[in-house]
Asks: 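Provided herewith is a single structure, encoded as structure tokens, for subsequent inquiry.
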Amino acid sequence: MRGAAVEILVWWAVLMGVTVLLISSLSPVELLVAGVAAAGAAVVVRVMRRAADVRVRGTAGALRAVAGLPLAAVRGLAVLTGVVTGRGPGSDRASEPAAGRIRRIPLRDGADPGWAGVVLGWSADTCVIDLPDGRAEAVVHSFGAAPGSGPERAVARRDGAR
């Protein structure tokens with residue numbers, strides 16, 4: 001019961017903080033409405049999370065992957081912009097658009113495919129196609145010439161298998 005109260009309080013604080021940031025001028029009525037709405041939403045979030053049986057697990061490499069997201073986003077946007085304008089990797093054929101590559105990325109031990117798929121797909125030039133059941137791997141399509149962005153290095157197995 002104590003864990004439930006702490007979880008609801010944390011969700012309430014996050015939702016209340018976001019709401020307060022988005023309101024331009026705070027009055028007591030707006031704070032009251034925001035507090036009640038955040039409390040209701042926090043309870044709903046907990047109930048939905050428990051119904052979906054969502055648990056954080058398999059966090060190996062998560063911190064390194066999250067740290068690499070901003071650079072991966074900028075790099076992916078640059079690659080995708082190059083592909084769209086005809087100056088990116090694989091766009092040397094004038095009549096055909098760049099096709100990209102489909103690759104299998106084996107995930108490191110302890111990396112959950114759910115969050116690994118999110119960080120792998122963060123880059124604009126990469127799309128996660130599949131996270132096969134029963135196998136610790138991700139199938140991605142990417143335009144980038146050289147695989148191995150920060151998030152990919154953080155979640156991929158280190159034995160070099162691709």
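FYI, side chains are in, hydrogens and waters are out, and symmetry mates aren't considered; it's all heavy atoms of this structure.
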Asks: Heavy atoms only: give me the nearest Trp11-Ala42 pair and the separation to one decimal.
Replies: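 Heavy atoms only, the tightest pair is CB-CB, 3.7 Å.
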Asks: Given side chain to side chain contact (heavy atoms under 4.5 Å, CB included), test Ile23 with Leu26 step by step and report yes or no.
Replies: CA-CA 7 Å; Ile23 296 175; Leu26 293 172; 3.8 Å; yes
Asks: To the nearest 0.5 Å, what is the distance between CZ on Arg103 and NE2 on His141?
Replies: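 Spacing of CZ (Arg103) from NE2 (His141) equals 10.0 Å.
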Asks: Measuring from Thr81:OG1 to Leu77:CG, what's the distance to the nearest 0.5 Å?
Replies: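 Here the rounded value is 4.0 Å.
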Asks: Would you say that Val140 contacts Ile102 through its side chain, given a criterion of any heavy-atom pair below 4.5 Å between the two side chains?
Replies: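 Answer no - side chains too far apart.
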Asks: Are Trp12 and Val20 in one and the same hydrophobic cluster, where Ile, Leu, Val, Met, Phe, Trp and Tyr link if side-chain heavy atoms are under 4.5 Å apart?
Replies: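 Per the 4.5 Å side-chain linkage, Trp12 and Val20 are co-clustered.
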Asks: Quick check on the hydrophobic clustering: are Val118 and Val74 connected, directly or via other members, by side-chain heavy-atom contacts under 4.5 Å?
Replies: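 Different hydrophobic clusters.
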Asks: Write down the atom of Ala34, the atom of Thr19, and the distance for their closest heavy-atom approach.
Replies: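 Nearest heavy atoms, Ala34 then Thr19: CB-CG2, 3.5 Å.
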Asks: Roughly how far, to the nearest 0.5 Å, is the CD atom of Glu152 from the OG atom of Ser123?
Replies: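 Taking OG in Ser123 and CD in Glu152, the distance rounds to 10.0 Å.
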Asks: Compare every heavy atom of Glu137 with every heavy atom of Pro132, then report the nearest pair and how far apart it is.
Replies: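 In this case the closest contact between Pro132 and Glu137 is CD-O, 3.4 Å.
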Asks: Would you say the side chain of Arg50 lies within less than 4.5 Å of the side chain of Glu7, judging by non-hydrogen atoms?
Replies: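 They are not in side-chain contact.
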Asks: To the nearest 0.5 angstrom, please state how far the CG atom of Leu131 sits from the CG atom of Leu107.
Replies: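 Leu131 CG to Leu107 CG: 7.5 Å, rounded to 0.5 Å.
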Asks: Closest approach of Gly76 and Asp125, non-hydrogen atoms and distance?
Replies: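 Looking at all heavy atoms of both residues, the shortest contact is CA-OD1, 3.4 Å.
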Asks: Taking all non-hydrogen atoms of both residues, which atom of Met16 and which atom of Ala38 are closest, and how far apart?
Replies: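 Closest approach of Met16 to Ala38, heavy atoms only: N-CB, 3.9 Å.
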Asks: Please round to the nearest 0.5 Å and tell me the distance separating atom OG of Ser142 and atom CD1 of Ile105.
Replies: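 Nearest 0.5 Å value for the OG-CD1 distance: 7.0 Å.
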Asks: Could you pull out the closest heavy-atom pair between Ala73 and Trp122, with the gap in Å?
Replies: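 Distance-wise, the nearest heavy atoms are CB-NE1, 3.5 Å.
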Asks: When rounded to the nearest 0.5 angstrom, what is the spacing between OG1 in Thr126 and CZ in Arg75?
Replies: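 Interatomic distance, Thr126 OG1 to Arg75 CZ, rounded to 0.5 Å: 6.5 Å.
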Asks: Which is it for Val128 and Val139 under the side chain to side chain contact (heavy atoms under 4.5 Å, CB included) test, yes or no, and what are the steps along the way?
Replies: CA-CA 6 Å; Val128 177; Val139 181; over 6 Å; no
